[in-house]
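What follows is a set of notes on a single structure, which appears directly below.
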Protein chains: 2
Amino acid sequence: MKVTMRDVAKAAGVSPASVSFALRGDPRIKPETAQRIRDIANRMNYSVNATAKSLRSGRTGVIEAAVFQLDRPFYSQLLAGISNAALEHGVQAVAQQISTGKIGHEKSILEKVANQFCDGVILSAGGLSNAEIMELSKGKPVVLLDDQSYQGPFDSVFTPCEDGAEAAVTHLFDMGCQNIGLVGAEFRPFDQALRSMRVVDRRLIGCLRAFERHGLKLAESAVVPLDDWDTDDAYEAVSKTISEGRFTFDGLFCMTDAVAFGVLRALREHGIRVPDDVAVIGFDGVHAGEYVTPSLSTIAVNIDEIARQSVSILCRRINEGRHGAPAMPKHVTVGYEVVVRESSARIS
Amino acid sequence: MKVTMRDVAKAAGVSPASVSFALRGDPRIKPETAQRIRDIANRMNYSVNATAKSLRSGRTGVIEAAVFQLDRPFYSQLLAGISNAALEHGVQAVAQQISTGKIGHEKSILEKVANQFCDGVILSAGGLSNAEIMELSKGKPVVLLDDQSYQGPFDSVFTPCEDGAEAAVTHLFDMGCQNIGLVGAEFRPFDQALRSMRVVDRRLIGCLRAFERHGLKLAESAVVPLDDWDTDDAYEAVSKTISEGRFTFDGLFCMTDAVAFGVLRALREHGIRVPDDVAVIGFDGVHAGEYVTPSLSTIAVNIDEIARQSVSILCRRINEGRHGAPAMPKHVTVGYEVVVRESSARIS
DNA sequence: ATGAAAGCGCTAACAC
DNA sequence: GTGTTAGCGCTTTCAT
């Protein structure tokens, strides 16, 4: 932070340019000179000023992953994956929390997102319109996670909401459930849900498909809505449903594992046995699912694949030469696996 | 990323300097002119180039929090807290993962830490020497989390390892446990532990104190060591202890909640009842502890206080004028609370 | 094989 | 009140 390239150059009796070349191993500097320069730089404890470097080169070498909550297991696992994937691409990843808890702050923080010291951003920002993102990204490449627009202008990576949800509900049917409830869903007609790309609607679509294939219709009373896919909220909501005598389910699909954790606890506190009285399955496949009691069946989405895909798509876009038109936006959906654990393993 | 201050200046028929002042609300620009400039800048979708700004001003307005694992609940809660606290100080926080999983990479990544686009860093880097950190920080302010040196040269924030661990073991004694085990500790003599500031040793010290106060000595067989405070590792280790017939405990203090989650599962799979057969208490107070079954008793450290303290100490240090000598390094220890839940709530 | 010099986009004295 | 100007530390042609 103190010693500059100039200082090193002076000490080595060469020009700043030579130092720059030597330090980056440019072949045009004679190997021995280069080595000498490097030694001196080391001895002086020199390190390049990233800010200056990136002002000049137009590159920072960092990508940013912006999510609403740093402390949700799904996101933290994703962020860890993104960090690792970034390393393999020779860039550095930093994570940023978008939400402050206080509603309304999102946008002001978002404004800083693409403004910042990065070459591109991976954004999980359900709720923002393309126009907003476009404006905020300031021309920097953006990869969207669960983009809410149909084949929008941005590269995007999707979780397998529809298929995963369908598999979850199908699994409950397979386990013999007759009365399946959906925790964290929003009740709406099929055709209306089909017109939306919101994650909550896409998961609902999958559920509706499964119901339909079993010749059943989803009753409004079968969904336990939630403001937020939050463990505490889910616990409260299900507890309330039970105490008000509206709990008639023998199978429960929770829209996320975090929701399921709250649900499991609510059930247990009310003496409802899992899986004997009610089978429970979640969605996400976070690590903690293996450790709760009963262990949680889930739709384990390939979180690592989300990480790898989004990083590699973003890096490709960043490196996309100015030459020629930019590549078409890429939209990929990652895989999932139905993981059956204790919470839905009926011996029937 | 395209339109510069120059462009705005040209469009507004003023100088770049005026744009700069106007945009930052410097009083020396006439209000109406300033407003006009702002309008034009907006219309042109201008936004300042953070890199250039910070090269010039020597400030980035971002602080960085570097931890080994992004996907450990304790760290993610801490990072979320740091993000919020940073916002209140008018700076932006970004999180960075130091570890790649592959051992040996730590240092190379660390080299980038302080190099990067930030004004200071909050570092949780057990294992690095002061000299290394000093070198890597390149003169940027650093706040250490659980610094391993005695009253070292850096500002630091400590978790209440000794007192917390003592409280945990004392709680187990209070619950009537006669045979207390320590999962994730390292067995070593009191005086040797006392000479270390490693987190694992500090927690051991607390345990030893509690044992001593009960006139007991810690047997080597009472510790179940772990390579890493990891849920999977803990599960394996305890499972092994049980199957090998070496499990004789009626009380278990797990060095972290994450460890406890693995322990609870291992116990359950072997039919050992909690808390009836063995009482279990963890350390950290992560959110998930409320939701596992049985819910986890724990030493809940005030994670938010760690966040707030480290951010505020760091910001003060960043803003410390050049005038006069720098303030003495600050060392603070945050509070904790013994939270008794089902896993240790014996009805005795 | 190396050096000189021109900026990258912005800020902050200092002029006017 | 507003414009001029001189860099921040680095990269990168273009000379030599």
Side-chain angles (χ1 to χ4, degrees), chain A residues 1-38 40-41 44-62 112 114-119 138-140 322, chain B residues 1-38 40-41 44-62 112 114-119 138-140 322:
Chain A
M1 188 74 189
K2 210 64 187 296
V3 33
T4 80
M5 221 162 75
R6 237 192 161 67
D7 301 327
V8 177
K10 209 162 295 174
V14 298
S15 79
S18 300
V19 177
S20 176
F21 288 130
L23 257 28
R24 284 172 306 145
D26 189 295
R28 84 184 79 179
I29 301 293
K30 193 172 17 163
E32 38 184 338
T33 319
Q35 188 52 53
R36 195 171 55 86
I37 293 178
R38 258 179 308 233
I40 294 180
M44 298 177 74
N45 198 16
Y46 167 81
S47 76
V48 356
N49 176 324
T51 305
K53 173 173 181 157
S54 88
L55 172 59
R56 182 62 237 239
S57 66
R59 281 294 189 83
T60 62
V62 354
K112 301 193 159 180
N115 254 335
Q116 288 299 4
F117 307 89
C118 66
D119 298 331
K138 298 280 191 289
K140 270 181 201 156
R322 312 278 150 272
Chain B
M1 188 71 187
K2 208 62 188 294
V3 31
T4 80
M5 221 162 74
R6 238 191 163 67
D7 301 327
V8 177
K10 209 162 294 174
V14 298
S15 78
S18 300
V19 177
S20 176
F21 287 130
L23 257 28
R24 285 174 305 147
D26 190 296
R28 80 184 82 177
I29 301 292
K30 198 178 7 172
E32 38 183 334
T33 319
Q35 188 53 52
R36 195 171 54 87
I37 293 178
R38 256 176 311 224
I40 294 180
M44 298 177 74
N45 199 17
Y46 167 81
S47 76
V48 354
N49 176 323
T51 305
K53 174 174 182 155
S54 88
L55 171 59
R56 182 61 239 235
S57 67
R59 281 294 188 84
T60 63
V62 354
K112 301 192 159 180
N115 254 334
Q116 287 300 4
F117 308 89
C118 66
D119 298 332
K138 298 281 193 284
K140 269 181 201 154
R322 312 277 151 275

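Here is how names work: the chains are called A, B, and so on, in the same order as the sequence lines, proteins then strands, and each is numbered from 1. Please read all numbers here as calculations on a predicted model, not as lab measurements.
Note on A:Asp26 versus A:Arg24: no salt bridge recorded, every NZ/NE/NH1/NH2 to OD/OE distance being 4.0 Å or above.
For the residue pair B:Cys118 and B:Thr60, the shortest heavy atom distance occurs at CA-OG1, 3.3 Å. Heavy-atom minimum distance, B:Ala34 versus B:Ala22: CA-CB, 3.9 Å. The two residues A:Ala12 and A:Ile37 have their closest heavy-atom pair at CB-CG1, 4.4 Å. Contact detail for A:Ala11 and A:Met44: the closest heavy-atom pair is CB-SD, 3.8 Å. Minimum interatomic distance between A:Arg36 and A:Val14 (heavy atoms only, all atoms of both residues): NH2-CG1, 4.0 Å. Nearest heavy-atom pair across B:Tyr46 and B:Met5 is CE1-N, 3.4 Å.
In this structure, the CZ atom of B:Arg36 is 16 Å from the P atom of D:dG1, given to the nearest Å. In this structure, the CZ atom of B:Phe117 is 16 Å from the P atom of C:dC10, given to the nearest Å. To the nearest angstrom, C1' of D:dT12 lies 16 Å from CG of A:Leu23. Summarising the geometry, the separation between CG on A:Asp7 and P on D:dG9 is reported as 9 Å, rounded to the nearest angstrom. Put simply, NZ on B:Lys53 is 9 Å from P on C:dA12, counting in whole angstrom units. Put simply, CZ on A:Arg24 is 11 Å from P on D:dC10, counting in whole angstrom units. C:dC10 atom C1' lies 15 Å from atom CD1 of B:Ile37, rounded to whole Å. Put simply, CZ on A:Arg59 is 16 Å from C1' on D:dC10, counting in whole angstrom units.
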- Message: Using a 4.0 Å heavy-atom cut-off to protein, can you give one letter per nucleotide of nucleotides 1-8 of chain C, 5' to 3': B if the base is in contact, S if only the sugar-phosphate is, - if neither?
- Response: SBBB-BBB

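Side-chain atoms of B:Lys53 do not come within 3.5 Å of backbone N or O of B:Val48 as any donor-acceptor pair. In this structure, B:Asp119 contributes its side chain and B:Arg59 its backbone to no donor-acceptor pair below 3.5 Å.
Rounded to 10°, the angle separating the first-five-pair axis and the last-five-pair axis of the helix from C:dA1-D:dT16 to C:dC16-D:dG1 equals 40°.
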